[in-house]
> 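Pasting a structure below so you can have a look.
Note that the numbering runs from 1 along the sequence shown for the chain.
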Amino acid sequence: MGTTVALLAACNGDRAEVSASDSGFGVATETSQSPPASTTTTTGMESSQSTGTGTASEGDDSDSETVEPGTTGSETGTSSTTESAAPFCGDGHVDPGEACDEGDNNGLGIGCGAGCVLEVCGDGLPGPGEECDFGWLNGPESGCSETCQIAPSACGTQSAEPVLVPRPVDIIIVIDNSGSMAAEIKGVQDNINENFAEIIGESGLDYRVILLSRYGKYTSTQVCIEAPLSGIPKGGCTNPPSQPINNPGKFYHYSVEIDSTDSWCRMLDTFNGVQQDLFKFAPKGWQAWLRPEAFKIVIEVSDDRVVCSHGNDHYNDNNTIAGGANAAEKFDAKLRELSPLHFGPTPETRNYSYYSIVGMSFNDPPDQPYAAEDPIVTTKCPSGVNGGIGHQSLSVATGALRFPLCDTTSYDALFQALAGGVIADATIACDFAIPPPPEGKELDEDSILVKFTPMDAVEPEVFQQVEGAGWCAPKSFYLDDGKVVLCPETCLAVQNDKEAEIEVEFKCAPIDPG
């Protein structure tokens, strides 16, 4: 008699066990293969065919019979019955009703999703090659394009022309109090309001005037300014009040004696209050009345030349072209060193212009001022003590106008021309607000570019964004507190071409598809 041994593999039904993946997507993944077929082995002389579709083999102990679970083999011989498991999603075969089947790899981002359905752009699920997928929301305004790519901008490239406004202007007028200046001082008093300040005011320019000169009656070669510029009523300077009356925000008088040739040294002494004004209105000097954001206009009124000492520095124009150029260079460097904030740190970024009303000879025609490109005038007008060559040289260096002071009857035209020069000199501000994005969109600050098209040019120059002021370079800008700030060299290029066009280009931040 033979011995019959039966081996039966246990299983849990016809399908593999499925568990949820912990990948974070919440998609079920299959964790076991389809169940193996049960195997029954029979040994002995006799065998009988099992129920099912298997085949029987006699006389060979090594043969086996594979049958479905629940069937039995014969008692004698060897028989084998094999049947495949039922198809299912995840078995790695594309079965009827399935668009795909990557087996264990089925899942989000693979291309074959749960349920053996192909992932396609527009189904709301990010598939292979897709950067995003918002389903029916895909499109140019959603941040995810119709081809399931993150849109470079949720609003496309935008551009805007910033509002460029002139910078404020602080006008420092320095008047010589020497004995030969009575008629010239009266000419200034008579014209500084109607033919200067009011013209500047009507232009819309934000200005203020700071006067450095001894306060008092013009017959004593002292200066008194009336309303509307100052707080002294019109007619009040016929018999001046005991002290000047400042008009805060518009006019300030720093009363100090300016001798015939020492105006530069007095400017330096009084800036920080080393030499106090006679009424102690500004204990820290006239710098207290300056505005950091303002461009500075200095107007010198003197019938003499430059000779004075300040500390270890000596200024003397020697009444020669070479002497004037040397003195002007030294004073310019000292003034900028005294306050880089107000006067500019370098000659290239100089923040002031120096106008001269001096004892030089008349132009042709006589009421025509001298421009910066005109040569230095070495001769003097009838009432001039000297031609003011040092003052002229500083005017040329800073690109400003020069006027002969001798004909006081034409001071109306002189001050009108001076006002026009100041208005023309008013440089545009080198910072402006970042243009707002379209409603409901968010600006992508990293995308901001500034395009500058010089006058008569076709193609614009593109200014690149840097991290901050410390990274400034030519053709660059940075962002600061909601503003575009042009770097110094960039600013200078823009200010020197008032007919140029400037444009800000930006994109909106894409909607985060995550």
Side-chain angles (χ1 to χ4, degrees), residues 172-192 196 209-226 230 232 236-244 253-270 275-279 286 298-310 314-319 323-324 327 331 354-362 377-395 402-412 414-415 418:
I172 302 104
I173 302 178
V174 186
I175 302 178
D176 173 359
N177 296 118
S178 61
S180 56
M181 285 288 294
E184 288 80 4
I185 289 173
K186 186 176 189 305
V188 171
Q189 291 183 178
D190 291 346
N191 288 277
I192 196 170
F196 181 69
V209 173
I210 298 168
L211 175 63
L212 306 184
S213 194
R214 179 74 177 257
Y215 170 75
K217 198 168 185 177
Y218 83 89
T219 53
S220 301
T221 63
Q222 297 170 359
V223 185
C224 176
I225 303 299
E226 299 177 353
S230 89
I232 296 175
C237 284
T238 303
N239 292 296
S242 60
Q243 62 183 32
H253 194 149
Y254 197 99
S255 181
V256 61
E257 185 80 22
I258 306 294
D259 290 333
S260 184
T261 62
D262 71 353
S263 61
W264 287 1
C265 295
R266 297 292 75 74
M267 285 180 65
L268 299 174
D269 283 340
T270 56
Q275 182 176 358
Q276 285 282 303
D277 74 286
L278 296 177
F279 302 98
W286 54 274
V298 180
I299 301 174
E300 172 76 28
V301 185
S302 175
D303 61 2
D304 213 333
R305 63 190 185 97
V306 175
V307 184
C308 70
S309 295
H310 177 264
H314 186 64
Y315 307 100
N316 189 344
D317 66 15
N318 291 308
N319 260 341
F331 179 71
Y354 187 93
Y355 287 73
S356 301
I357 304 176
V358 293
M360 61 193 299
S361 295
F362 293 105
V377 179
T378 58
T379 55
K380 59 180 184 174
C381 58
S383 61
V385 177
N386 282 295
I389 293 178
H391 299 301
Q392 289 189 57
S393 298
L394 192 52
S395 294
R402 294 164 282 156
F403 304 83
L405 90 166
C406 293
D407 185 8
T408 58
T409 63
S410 64
Y411 268 27
D412 54 350
L414 183 155
F415 273 88
L418 181 61

> Mind checking whether Gln222 and Pro240 have side chains closer than 4.5 Å, heavy atoms only?
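The answer is no; the side chains never approach within 4.5 Å.
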> Return yes if some donor-acceptor pair links the side-chain N/O of Gln392 with the main-chain N/O of Val377 below 3.5 Å, else return no.
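At least one qualifying donor-acceptor pair exists.
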> Once you round to the nearest 0.5 Å, how far does CD1 of Ile258 lie from CZ of Arg266?
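Separation between the atoms: 7.0 Å.
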> Answer yes or no: is there a donor N or O on one side and an acceptor on the other, between the side chain of Ser361 and the main chain of Thr379, under 3.5 Å?
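At least one qualifying donor-acceptor pair exists.
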> How many angstroms lie between atom CG of Asp262 and atom CG of Asp269, to the nearest 0.5 angstrom?
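That separation rounds to 8.5 Å.
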> So which atom in Val174 and which in Ser263 form the shortest heavy-atom distance, rounded to 0.1 Å?
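Reported closest heavy-atom pair: CG1-CB, 3.8 Å.
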> Do you know the tightest heavy-atom contact between Thr238 and Glu226?
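In terms of heavy atoms, the two residues are closest at N-OE2, 4.3 Å.
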> Using every non-hydrogen atom in the two residues, find where Ser309 and His314 come nearest and quote the distance to one decimal.
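For Ser309 and His314, the tightest heavy-atom pair comes out as OG-ND1, 2.6 Å.
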> So how far is it from Arg214 CZ to Leu278 CG, rounded to the nearest 0.5 Å?
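Result: 5.0 Å between the selected atoms.
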> Nearest 0.5 Å, what's the SG-NZ distance between Cys406 and Lys380?
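Answer rounded to 0.5 Å: 9.0 Å.
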> Under the side-chain contact (heavy atoms from CB on, under 4.5 Å) rule, what do Ser180 and Val385 come out as? Steps first, then yes or no, please.
CA-CA 8 Å; Ser180 56; Val385 177; 4.0 Å; yes
> Backbone N or O of Val306 within a donor-acceptor pair of the Asp317 side chain at under 3.5 Å?
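Such a contact is found between Asp317 side chain and Val306 backbone.
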> Give the minimum heavy-atom separation between Val223 and His253, together with the two atoms involved.
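Nearest pair, atom of Val223 first, then His253: O-CE1, 3.4 Å.
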> Identify the two heavy atoms, one from Ala182 and one from Thr221, that lie closest to each other, and give their separation to 0.1 Å.
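Reported closest heavy-atom pair: N-CG2, 3.7 Å.
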> Working to the nearest 0.5 Å, report the span between OG of Ser242 and CZ of Phe279.
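If we round to the nearest 0.5 Å, Ser242:OG and Phe279:CZ are 7.0 Å apart.
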> Would you please test Ile299 and Phe196 for side-chain contact (heavy atoms from CB on, under 4.5 Å) and show each step?
CA-CA 12 Å; Ile299 301 174; Phe196 181 69; 3.8 Å; yes
> Under the side-chain contact (heavy atoms from CB on, under 4.5 Å) rule, what do Lys186 and Thr408 come out as? Steps first, then yes or no, please.
CA-CA 9 Å; Lys186 186 176 189 305; Thr408 58; over 6 Å; no
> Ignoring hydrogens and geometry, is there a side-chain-to-backbone donor-acceptor pair from Tyr254 to Asp277 under 3.5 Å?
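Yes; at least one donor-acceptor contact below 3.5 Å.
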> Hey, does Leu394 have a side-chain heavy atom less than 4.5 Å from the side chain of Ser356?
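Result no, sub-4.5 Å side-chain heavy-atom pair not found.
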> So do the side chains of Ile225 and Val209 get within less than 4.5 Å of each other, counting heavy atoms only?
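A side-chain contact is absent here, since even the closest heavy-atom pair is not under 4.5 Å.
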> Look at the aromatic rings of Tyr354 and Phe331 and report parallel, tilted or perpendicular, splitting at 30° and 60°.
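Tyr354 vs Phe331 ring planes: perpendicular.
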> Measure the spacing between CG of Asp176 and CG of Leu405 and express it to the nearest 0.5 Å.
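The CG atom of Leu405 is 9.0 Å from CG of Asp176, to the nearest 0.5 Å.
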> Is any side-chain heavy atom of Cys224 less than 4.5 Å from a side-chain heavy atom of Tyr215?
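Cys224 vs Tyr215: side chains touch.
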> Relative to each other, are the rings of Trp264 and His391 parallel, tilted or perpendicular (30° and 60° limits)?
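Answer is perpendicular, since the angle exceeds 60°.
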> Please determine whether side-chain contact (heavy atoms from CB on, under 4.5 Å) holds for the pair Glu300 and Ile357, giving the CA-CA distance in whole Å, both sets of side-chain angles, and the decisive distance to 0.1 Å.
CA-CA 6 Å; Glu300 172 76 28; Ile357 304 176; over 6 Å; no
> If you define the side chain from C-beta out and look only at heavy atoms, does anything of Ile389 sit under 4.5 Å from Thr378?
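Result yes, sub-4.5 Å side-chain heavy-atom pair found.
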> Can a donor-acceptor pair be found, under 3.5 Å and without considering hydrogens, that links the side chain of Asn191 to the backbone of Asp412?
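Indeed, once roles are kept as given, a pair shorter than 3.5 Å links the two residues.
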> Any side-chain heavy atom of Trp286 sitting closer than 4.5 Å to one from Val256?
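The answer is no; the side chains never approach within 4.5 Å.
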> Under a plain distance cut-off of 3.5 Å, with no hydrogens placed, do Asn386 and Asp304 share a side-chain donor-acceptor pair?
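The answer is yes; a qualifying pair exists.
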> Between Ser178 and Asp303, is there a side-chain heavy-atom distance shorter than 4.5 Å?
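Yes - at least one pair of side-chain heavy atoms lies under 4.5 Å apart.
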> When you check the side-chain N and O atoms of Arg305 and Asn318, is any donor under 3.5 Å from an acceptor?
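Asn318 and Arg305 do not have a side-chain donor-acceptor pair below 3.5 Å.
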> Might you point out which heavy atoms bring Ile232 and Ser230 nearest each other, and give the distance in Å?
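Between these two residues, the closest heavy atoms are N-OG, 3.0 Å.
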> Taking the side chain as every heavy atom from C-beta outward, state whether Asp190 and Tyr411 have any atom pair closer than 4.5 Å.
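When only atoms from C-beta onward are counted, Tyr411 and Asp190 do not touch, as no gap falls below 4.5 Å.
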